[in-house]
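Every heavy atom of this structure was used, including side-chain atoms; hydrogens, water molecules and symmetry mates were not. In what follows, chains are A, B, ... by sequence order, proteins preceding strands, each numbered from 1.
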Amino acid sequence: MSMWKGLHMTARAAHGIHVSSRFIHKHTRLCTRNISTSRPVQNDFFKDLENQFKAFREKAADAMPGSDWTPFEKNSSLPPERADIVIVGGGVVGWSIAYWLKQKEMIRDGVRVLVVERDPTYSQASTVLSAGGIRQQFSLPENIHLSMASADFMRNINEHLSVLNDDPVDLQFNHSGYLFLASEKVAHIMEENYSTQRYAGAKVSLLSPTQLKEKCPWINTDGVVLASYGLENEGWFDPWMLLNAFRRKAISMGVYQCFGEVTGFSYTTNTMTTAEGDKVDFRRIKYANVQMPNSLEYQPVECAIVVNAAGALSGKVAEMMGIGLGPKDTIAGIPLPVEPRKRFIYVVHCPNGPGLDTPFLVDYSGVYFRREGLGGNYIAGMSPEEEEEPETNNLEVDHQFFQNIWPHLAHRVPAFECLKVKSAWAGFYDYNTFDQNGIVGMHPLVNNMFFATGFSGHGLQHSPAVGRAMAELILDGGFKTLDLSAFSFKRIMTKEPILERNIV
Amino acid sequence: LSHCPCSVYLSCQLMRRSCRQVTLLAAASRYWSSSPVAPPSKQSRLLLFLSQRFHDIETLLSWSSWFKNRGLRQKNLFAGQSEWFRSDRRGKFSWDFMNHRDTSIEEVDVGNTLINYTGLENLVKQRGLRTLSVSGCAEVDDWFLSRLYIFQDTLEELDISNCPRISVGGLAALQKLRGLRRLNVSSLPRLQNPGLVAILLEEMLPHCHVTAVGYDHSLIYSPTQTDG
């Protein structure tokens, strides 16, 4: 019976194709190699039949849902209509997650990843405005392990991120190490941190003031009781090179990149009642609306998972989902505590300053500086007090602020008494107002939104390891290599901050 | 002439990709090639063309480079250990080797081998190391230099000439070698200002004599515009 049906189908199809083949013949006669028109039409018909069937099957497959084909012309800069994972934010953390997701997928094209970045020039992105330092000298073991894993990644960066037939990645890594100086008040914190760091496997050494003076003769050790110096895997590098390496490799593995702004989400809500009778809304994102730059055109991207890696603007993205807009005493009323904080970096020139061995020096007063290049230039900065936080609506530099930094610099390094400020820039920290440490994991009420933000100045140095951890969380369901459950959203709900006990 | 064996080994590798012998041969063939960057032969150009067309060839090629890395790591272990045997036999009877296991080695010359960061694992135990030469090693890079701090008390002579991957960032890490007396940084292709770097190194390590030959220190003539 089915055989008859099949024959009937082919007959009908053949009839239909016969009609259209007349048009095909006209076409082939115009642009085919065989110009002789004496060939019988029947031969061409049977040869074309196979091709016609194939084209018909392909068109039928395209028209089925799940494929990308639409009958309308669309703007090619729009993102695809469907993606498995949408990463909001194209900074180093976002691209690191995209790379690791593709690296860990089991089959080719297993996940379709889309990275949405709103600024194609990266003019305000925290990644490229960073000082680019990496250190293992933290007090939390998780932070130490994140830095160590990221340094390992960068050491073997060409094994991970090299693209066939393209230049190898050169991060311009300076291995000069970080040097922290402690006064008498905070020396005990430094000693405790030292033992935590050694236990975690970081190569750090403690120096007394005399040893410090011997190592760095240009330092004034007045007020310094203890110094801690990183021997390995510490220094600074070029953040733009790292970002581009991740981006290039991820795109070569099939990640979609879209320049646009996520302006909202469409979600479904599932209201459940707790044992006490309170109603809780569980939301699930269905579409992420991506608006094109300088245009009202937008594309709703159907997605399964959204990763919030928007850095300083993560708070705004979370608000789009209603996180923090619920009643005050409920979980829905707890906002994502990430906001932008402006930080300044000043480029100074000093002719007699410390030489090639200058480490990234962080003084107990909060002032830091490092060498930049070989021409006697240094970059310096300081974290302001809470009351003096600058405005964050622009990236203008407050040159008066340098007057707060200079006395400390000159006191610590006498050669810096005569220096000249060459230029300055400002960048945003994705500052976690709760405890200044990253937030990594899922939100309890929005089932498919993941966070990787709030690193408060450490995002760049932790980005390779955080990317891997997020990919494990998304694809494997849990952390495998590094356990970052201490950084989950839970601590914000239970109001238990995990603070870095730094000396600054 | 030297490209022929390279391409032959490469094609062998693609066909029998799970054969371990071939991986070592491939690593060796890379070591034999005369120039650090060989111009693409017809074979490799064909492979590149195919890799852009077929995903499978691309995967095969990335596997082959992964195997090369693996072969490299295996070779490293051997290089480290054979050096150890050889230098231990200097002036000592070979059958006394087991008795002298605790003696420290003073000189290690791993010039022109494929030693890299992990290869240093074998040398870590040698607390009395005085001389280290890694001249001409293609895999020695800045991370290798940053790890040399383990010899900071004893190392007196270091030769890192002709290492194509070393740059200024790694040389800054040599500040920890306070006992260094002689440093050879000749012919490092990635140094853009070799004269300046040599001066900065001398400032950084005041007791060390820095040798930096093999660079073209001639001034670059730039015609100045004269206002008419």
Next item on the list: Would you mind telling me which of A:N174, A:L231, A:N156 has the largest number of heavy-atom pairs within less than 4.5 Å of chain B?
Entry: A:L231
Next item on the list: Answer yes if the side chains of A:S228 and A:N193 hold a donor-acceptor pair under 3.5 Å, and no otherwise.
Entry: no
Notebook entry, point to check: What residue, out of B:K176, B:R190, B:Q152, B:R178, has the most heavy-atom pairs lying under 4.5 Å from chain A?
Noted result: B:K176
Checklist line | Non-hydrogen side-chain atoms of A:F416 and A:P354 separated by less than 4.5 Å | finding: yes
Next item on the list: Could you tell me which of A:R371, A:K203, A:Q172 has the largest number of non-hydrogen atom pairs under 4.5 Å with chain B?
Entry: A:K203
Margin query: Donor-acceptor check, side chain of B:R181 to backbone of B:E156, threshold 3.5 angstrom: yes or no?
Written below: no
Item checked: Contact class of A:Y229 relative to chain B, heavy atoms under 4.5 angstrom -> side chain
Checklist line | Polar side-chain atom of A:E232 near backbone of B:S146 as donor-acceptor pair, under 3.5 Å | finding: no
